[in-house]
Amino acid sequence: LEQVPLRAVQEQGIKSVKLRVAGGEPFLMLKKLKNELLHLRNVLQQAGCQFGLNFLTNLTVFTPEVLEFIQDFNVGLGVSMDGTKESHDKTRIFPNGTGSYDMTVERVDQLLEMGIRPYIMIVCSNQNLEDLVAFTRDFLLPRKLGFRYSIVRGEDLDEQRLVEVLKQCYALIEAHIEAGNKVFPQHRLFDLNFGYPILNGCGAARSSYSLYVNGDVYTCQTVHHTHEPIGNIMTEDRSLIQMGQEQTALPGLKLVRCDDCQFRYMCAGGCPSVKIDGRSPHCETFKQLMPVVLRLIGKQKLVQWQLRQA
């Protein structure tokens with residue numbers, strides 16, 4: 001495993017590598033992964049490269065060994081939740097038929113007590129839209145968690161209702177900001193970037209790659225089943241960066257129909273893998289919500305300045 005990033009560090013002078021481990025539930029493989037990850041961290045640090053580690057988890061594996069590993073490695077945690085108990089327990093069910101919401105909440109709170117702040121990832125779909133306001137109000141904001149709203153893939157989402165619901169959520173977030181709390185930059189809306197101008201919707205094949213268990217390399221984890229791999233780290237001599245530079249497997253990497261849009265450097269046309277005729281199918285949704293978020297970012301700056309002056 002260490003040869004993949006190490007080669008990029010040695011040949012390209014890369015100073016920072018972040019590894020995100022996903023599944024299934026990746027902590028099921030911790031015993032097999034732990035020594036490899038420790039070795040990888042040591043090798044990269046010896047090469048003068050910083051190493052960051054994130055796990056995408058549903059917190060179903062929560063043993064003392066897992067907690068020790070999280071603390072020792074300073075692991076960032078992304079936790080998938082689908083909203084309130086009603087929505088979450090419809091889709092995240094144990095083999096015996098019981099839902100996992102209560103367990104997830106209990107373990108998030110345990111992590112917070114340990115000083116570990118998981119990041120909550122919510123996929124917005126027709127199944128959970130009506131619960132997002134309550135979930136934001138009763139779970140996310142009281143715990144001051146970082147969180148991201150994402151759009152479901154492969155479903156016919158009611159996007160006008162999504163806009164209405166998220167505007168209600170942002171009204172709650174505005175009150176939270178007015179009370180002196182910080183929400184940004186920890187909070188993210190879809191793949192939009194409000195911190196600095198971007199020319200591409202993501203770092204696919206530029207600064208990020210997705211590795212499958214058989215060594216196949218993809219531009220993004222979302223295209224594992226829809227695109228051919230751009231290479232294989234086990235059978236080829238090319239580096240990840242070379243594979244990315246030569247890739248043709250992910251269309252829509254250029255801004256095509258966005259030249260006249262005032263938001264183009266926050267959106268960059270959206271996710272390249274879902275573009276239609278050069279732009280995101282969610283373009284109108286983005287345009288309705290971006291001004292809302294921009295205003296709240298400005299309000300947070302103003303409120304924080306006022307608190308410093310008080």
So Arg148 and Asp191, do their side chains get closer than 4.5 Å, heavy atoms only?
yes
Name all residues meeting the side-chain contact (heavy atoms from CB on, under 4.5 Å) criterion together with Val163; count only those two or more places apart in sequence or in a different chain, and write none if there are none.
Gln160, Lys167, Thr285, Gln288, Leu289
Beyond-backbone contact of Met81 with Val105, side-chain heavy atoms, under 4.5 angstrom:
yes
At what distance, to the nearest 0.5 angstrom, does NE2 of His88 lie from CD1 of Ile93?
9.5 Å
Separation of Leu19 CG from Arg41 CZ (nearest 0.5 Å):
12.5 Å
Would a distance-only check, ignoring hydrogens and angles, find a side-chain to backbone donor-acceptor pair under 3.5 Å from Thr84 to Asp131?
no
According to the interplanar angle, ranging from 0 to 90°, do the rings of Tyr212 and Tyr218 count as parallel (below 30°), tilted (30 to 60°) or perpendicular (above 60°)?
perpendicular
Can you confirm whether Gln50 is buried at CD, in the sense that more than 12 heavy atoms of other residues, nucleotides or ligands lie under 6.0 Å from that atom?
no
Minimum heavy-atom distance between Lys90 and Glu86, given as atom pair plus value:
CG-O, 3.1 Å
Could you walk me through whether Leu157 and Glu155 pass side-chain contact (heavy atoms from CB on, under 4.5 Å), step by step?
CA-CA 6 Å; Leu157 177 64; Glu155 292 185 21; 5.6 Å; no
Treat each ILVMFWY residue as a node, draw an edge where side-chain heavy atoms are under 4.5 Å apart, and state whether Leu40 and Leu53 are in one component.
yes
So do Leu67 and Gln110 actually touch side chain to side chain, heavy atoms under 4.5 Å?
yes
Treating Asn232 as the side-chain partner and Val217 as the backbone partner, does any N or O pair qualify as donor plus acceptor under 3.5 Å?
no
Applying a strict under-4.5 Å side-chain criterion to I, L, V, M, F, W and Y, I'd like to know whether Met114 and Leu30 cluster together.
yes
Exercise: do Asn128 and Ser87 side chains pair donor with acceptor under 3.5 Å:
no
I would like to know whether Tyr170 and Val183 meet side-chain contact (heavy atoms from CB on, under 4.5 Å); could you show each step before the answer?
CA-CA 11 Å; Tyr170 282 119; Val183 176; over 6 Å; no
Can you tell me how far NZ of Lys34 sits from CD of Glu36, rounded to the nearest 0.5 angstrom?
14.0 Å
Tell me whether Asn181 contacts the main-chain N or O of His176 through its side chain, where contact means a donor paired with an acceptor under 3.5 Å.
yes
Is any side-chain heavy atom of Pro118 closer than 4.5 Å to a side-chain heavy atom of Leu112?
yes
Ring centres under 6.0 Å, that's the criterion: do Phe69 and Phe55 meet it?
yes
Could you tell me the separation between the CD1 atom of Ile151 and the OG atom of Ser125, rounded to the nearest 0.5 Å?
11.5 Å
Report the residue from Phe194, Phe190, Phe263 that forms a ring pair (Phe, Tyr, Trp, His ring centres under 6.0 Å) with Phe286.
Phe190
With rounding to the nearest 0.5 angstrom, report the NE2 to CD distance, His282 to Glu159.
5.5 Å
Between the side chains of Arg143 and Asp109, is the shortest nitrogen-to-carboxylate-oxygen separation below 4.0 Å, so that they form an ion pair?
yes
Take Val21 and Leu33, measure what side-chain contact (heavy atoms from CB on, under 4.5 Å) needs, and give me the verdict at the end.
CA-CA 10 Å; Val21 185; Leu33 287 172; 4.1 Å; yes
Here the gap from Leu296 atom CG to Ile177 atom CD1, rounded to the nearest 0.5 Å, amounts to 5.0 Å
Pairwise side-chain contact, Leu302 with Lys299, heavy-atom cut-off 4.5 Å (strictly under):
no
Report yes if some heavy atom in the side chain of Thr57 is under 4.5 Å from a heavy atom in the side chain of Phe62; otherwise report no.
no
Are Val75 and Leu44 joined in one hydrophobic group, where the rule is that I, L, V, M, F, W and Y side chains link up if heavy atoms are under 4.5 Å apart?
yes
Within the distance-only criterion (no hydrogens, no angle test), does the side chain of Glu25 pair as donor or acceptor with the backbone N or O of Phe27 below 3.5 angstrom?
yes
For residues Tyr119 and Phe184: do they belong to one hydrophobic cluster (side chain heavy atoms under 4.5 Å, members Ile, Leu, Val, Met, Phe, Trp, Tyr)?
no
Judged by atom type as modelled, is there a donor-acceptor pair below 3.5 Å linking the side chain of Thr98 to the main-chain atoms of Phe94?
no
Checking the side chain of His187 only, and the main-chain atoms of Phe147 only, is there a donor and an acceptor separated by less than 3.5 Å?
yes
Is the number of heavy atoms from other residues, nucleotides or ligands within 6.0 Å of CZ (Arg117) greater than 12?
yes
Side chains of Lys18 and Asn54: any donor to acceptor distance under 3.5 Å?
no
Any Asn214 side-chain heavy atom under 4.5 Å of Met234 side chain:
no
I would like to know whether Leu145 and Val108 meet side-chain contact (heavy atoms from CB on, under 4.5 Å); could you show each step before the answer?
CA-CA 10 Å; Leu145 292 163; Val108 166; 4.2 Å; yes
Can you see which heavy atom on Thr136 is nearest to which on Pro142, and at what distance?
O-CD, 4.1 Å
side-chain contact (heavy atoms from CB on, under 4.5 Å) test vs Val79 passes for just one of Leu59, Asn58, Leu56, Ile122, namely Leu59
Compare all side-chain heavy atoms of Val293 with those of Leu192 and state whether any distance is below 4.5 angstrom.
no
State whether the side chain of Arg92 and the backbone N or O of Tyr101 hold a donor-acceptor pair below 3.5 Å, judged by distance alone.
no
Group every Ile, Leu, Val, Met, Phe, Trp and Tyr by side-chain heavy-atom contacts under 4.5 Å, then state whether Leu166 and Ile297 land in the same group.
yes
Which heavy atom in Gly180 sits nearest to a heavy atom in Leu307, and how many Å separate them?
CA-CD1, 3.8 Å
